[in-house]
Amino acid sequence: MIIRVLNKTRGSVLGSRVELADRWWLRVRGFLRRPRPDRGEGILLSPCRAVHTVGLGFPLDVIFIDRDGGVVALYPSLRPGRFTRFHRSAEYALELPAGTIAATATDETDSIAWLPAEVEAIVDPPAGRREVTGTGAS
């Protein structure tokens with residue numbers, strides 16, 4: 001499934017063509033044997049608490065996100081052959097082209113949401129929970 005990922009706090013689009021990798025084989029593959037992602041492309045790994053860039057020929061920006069959409073940790077321009085820390089509170093890892101974190105001014109106080117690529121608006125559920133209709137995120 002292709003989704004759009006938004007930084008709700010900043011009102012910016014992190015990725016307009018992000019692949020949802022919610023099966024083990026999709027998470028294992030990630031960006032291996034793929035070309036460098038273009039602006040707007042990415043992969044949302046679910047579940048995911050740590051990533052590596054072993055075997056990649058390019059850096060990635062990585063954002064770890066908790067189950068409520070809060071940013072847990074940021075790894076701008078994670079170079080090839082590197083590993084992130086394990087983030088116990090993370091539920092998702094968002095892999096994006098290097099430079100996306102800086103270009104969108106995303107930081108650890110932000111809230112992230114996603115929706116199917118063809119949907120234009122986020123619907124906020126009652127009681128302040130940060131989820132998006134149609135994503136399966138909870």
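The figures that follow rest on heavy atoms only: side chains count, while hydrogens, waters and symmetry mates do not.
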Query raised in the report: Looking only at atom types and distance, does a side-chain atom of R27 sit under 3.5 Å from a main-chain N or O of S46, one as donor and one as acceptor?
Result: yes
Query raised in the report: Do R17 side-chain atoms and R39 backbone N/O form a donor-acceptor pair below 3.5 Å?
Result: yes
Query raised in the report: Residues sharing I43's hydrophobic cluster, by side-chain heavy-atom contacts under 4.5 Å among ILVMFWY, directly or via others?
Result: F31, L32, L45, V51, L56, F58, L60, V62, F64, V72, Y75, L78
**Report entry** Interatomic spacing from OG in S89 to CZ in R49 - rounded to 0.5 Å
**Finding:** 8.5 Å
Report task. Apply side-chain hydrogen bond (donor to acceptor under 3.5 Å, both in side chains) to D22 and list each qualifying residue two or more places apart in sequence or on a separate chain. Result -> none
Query - Side chain D66, main chain D68, donor-acceptor under 3.5 Å - result: yes
**Report entry** Under 3.5 Å donor-acceptor, D61 side chain and I101 backbone
**Finding:** yes
Query raised in the report: Hey, mind stepping through L20 and Y92 against side chain to side chain contact (heavy atoms under 4.5 Å, CB included) and telling me if it holds?
Result: CA-CA 10 Å; L20 177 60; Y92 311 96; 5.9 Å; no
**Report entry** Inter-residue atom distance L74.CG - T100.OG1, 0.5 Å rounding
**Finding:** 12.0 Å
**Report entry** Ion pair check, R34 and E19, cut-off under 4.0 Å
**Finding:** yes
Query - Donor-acceptor under 3.5 Å (S111 side chain, G70 main chain) - result: no
Report task. Hydrophobic side-chain clustering at under 4.5 Å (ILVMFWY, transitive links): who's grouped with V54? Put none if nobody. Result -> F83
**Report entry** Step-by-step side chain to side chain contact (heavy atoms under 4.5 Å, CB included) determination, L115 to I3
**Finding:** CA-CA 5 Å; L115 57 160; I3 58 175; over 6 Å; no
Query - Shared hydrophobic cluster, W114 / M1 (ILVMFWY, side-chain heavy atoms < 4.5 Å) - result: yes
Query raised in the report: Charged N to carboxylate O under 4.0 angstrom, D110 versus R10?
Result: yes
